[in-house]
Amino acid sequence: MQASRARLFKEYKEVQREKTADPDIQLVCDDSNIFKWTALIKGPSETPFEGGIFQLAFSVPEHYPLQPPQVRFLTKIFHPNVHFKTGEICLDILKTAWSPAWTLQSVCRAIIALMAHPEPDSPLNCDSGNLLRSGDVKGYQSMARMYTRLAAMPKKG
């Protein structure tokens with residue numbers, strides 16, 4: 001557990017130093033628990049998520065970085081690789097393809113990349129996956145845009 005704590009402190013310092021380096025990601029460590037983090041990520045441009053700010057919750061295991069963090073969306077998102085109710089994310093690096101070389105910041109980058117390039121063949125959200133698999137890209141994009149507007153964009157007025 002000491003090694004994981006040291007690694008997380010190192011990542012924390014890195015995040016503090018690089019705050020302006022990556023404007024698409026804002027990672028924040030819980031004040032009382034180094035194993036709990038949240039992130040705000042910007043929806044990638046030229047996607048139905050553009051203009052949205054999505055919140056992620058990180059739960060880091062004691063054996064980190066040998067084991068991947070558990071990450072889920074707290075913001076509702078219509079995406080084939082994200083469970084609509086729980087926010088669970090289907091991403092290989094969070095399961096079988098994890099490597100200790102990954103950081104919480106790089107996990108956020110990978111999630112942003114997944115938002116831009118969904119994998120409809122391994123869906124956690126079947127409705128979303130089925131739209132893409134059947135070739136209804138317009139239908140998928142309009143649903144994803146609608147949920148982005150409803151859940152991830154600041155309310156006006």
Side-chain angles (χ1 to χ4, degrees), residues 1-133 137 140 144 147-148 151-152:
M1 181 149 107
Q2 204 54 39
S4 59
R5 231 178 246 282
R7 164 70 181 259
L8 286 167
F9 275 120
K10 182 178 176 218
E11 287 192 38
Y12 176 77
K13 284 182 191 151
E14 195 76 17
V15 165
Q16 297 309 307
R17 243 195 335 268
E18 313 243 328
K19 266 192 174 151
T20 54
D22 198 339
D24 295 342
I25 301 168
Q26 185 183 341
L27 255 172
V28 181
C29 178
D30 183 291
D31 288 339
S32 59
N33 185 349
I34 189 98
F35 294 99
K36 299 280 182 220
W37 293 63
T38 55
L40 294 175
I41 59 174
K42 285 186 183 169
S45 59
E46 297 178 31
T47 72
F49 311 108
E50 184 173 10
I53 304 289
F54 298 84
Q55 188 173 17
L56 303 171
F58 285 76
S59 181
V60 182
E62 287 185 6
H63 297 290
Y64 180 82
L66 301 176
Q67 291 177 335
Q70 288 183 320
V71 188
R72 64 187 183 89
F73 275 88
L74 295 177
T75 308
K76 284 270 182 253
I77 182 171
F78 187 77
H79 188 284
N81 309 113
V82 180
H83 192 284
F84 191 72
K85 284 194 169 80
T86 66
E88 178 192 347
I89 303 166
C90 180
L91 182 60
D92 60 352
I93 63 148
L94 295 175
K95 311 270 189 279
T96 56
W98 174 256
S99 156
W102 287 92
T103 64
L104 301 182
Q105 185 91 3
S106 59
V107 166
C108 288
R109 273 268 137 243
I111 291 170
I112 292 170
L114 180 70
M115 289 169 76
H117 305 284
E119 296 286 340
D121 293 330
S122 62
L124 281 173
N125 179 332
C126 291
D127 293 337
S128 177
N130 289 340
L131 283 171
L132 285 173
R133 281 201 307 256
V137 175
Y140 161 74
Y147 278 104
T148 298

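- Within the model, atoms CD1 of I77 and CG of L74 stand 12.0 Å from one another, a figure rounded to the nearest 0.5 Å.
- The structure places CG of L27 at 8.0 Å from OG1 of T38, a figure rounded to the nearest 0.5 Å.
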L124 vs E88, test: side chain to side chain contact (heavy atoms under 4.5 Å, CB included). Steps then yes/no. CA-CA 8 Å; L124 281 173; E88 178 192 347; 4.1 Å; yes

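- Remark: K95 NZ is packed, more than 12 non-hydrogen atoms of other residues, nucleotides or ligands lying under 6.0 Å away.
- Within 6.0 Å of CD in Q16 there are more than 12 heavy atoms belonging to other residues, nucleotides or ligands.
- Classification of E14 and K10 as a salt-bridged pair fails, no side-chain N sitting under 4.0 Å from a carboxylate O.
- Here the closest non-hydrogen pair linking C90 and S122 is SG-O, 3.9 Å.
- Between F78 and F84, the ring-plane angle classifies as perpendicular under the 30° and 60° cut-offs.
- Qualifying salt bridge (Lys or Arg N to Asp or Glu O under 4.0 Å) partners for R109, counting only residues two or more places apart in sequence or in other chains: D22, D24.
- Residues passing the side chain to side chain contact (heavy atoms under 4.5 Å, CB included) test with S4, sequence neighbours excluded: M1, F35, Y64.
- In this structure, the side chains of E119 and L114 come closer than 4.5 Å at one or more pairs of heavy atoms.
- The line from CD1 of I53 to NZ of K42 is 6.0 Å long, rounded to the nearest 0.5 Å.
- In this structure, the side chains of I25 and I112 come closer than 4.5 Å at one or more pairs of heavy atoms.
- In this structure the side chain of F9 never reaches within 4.5 angstrom of the side chain of C29, judged on heavy atoms.
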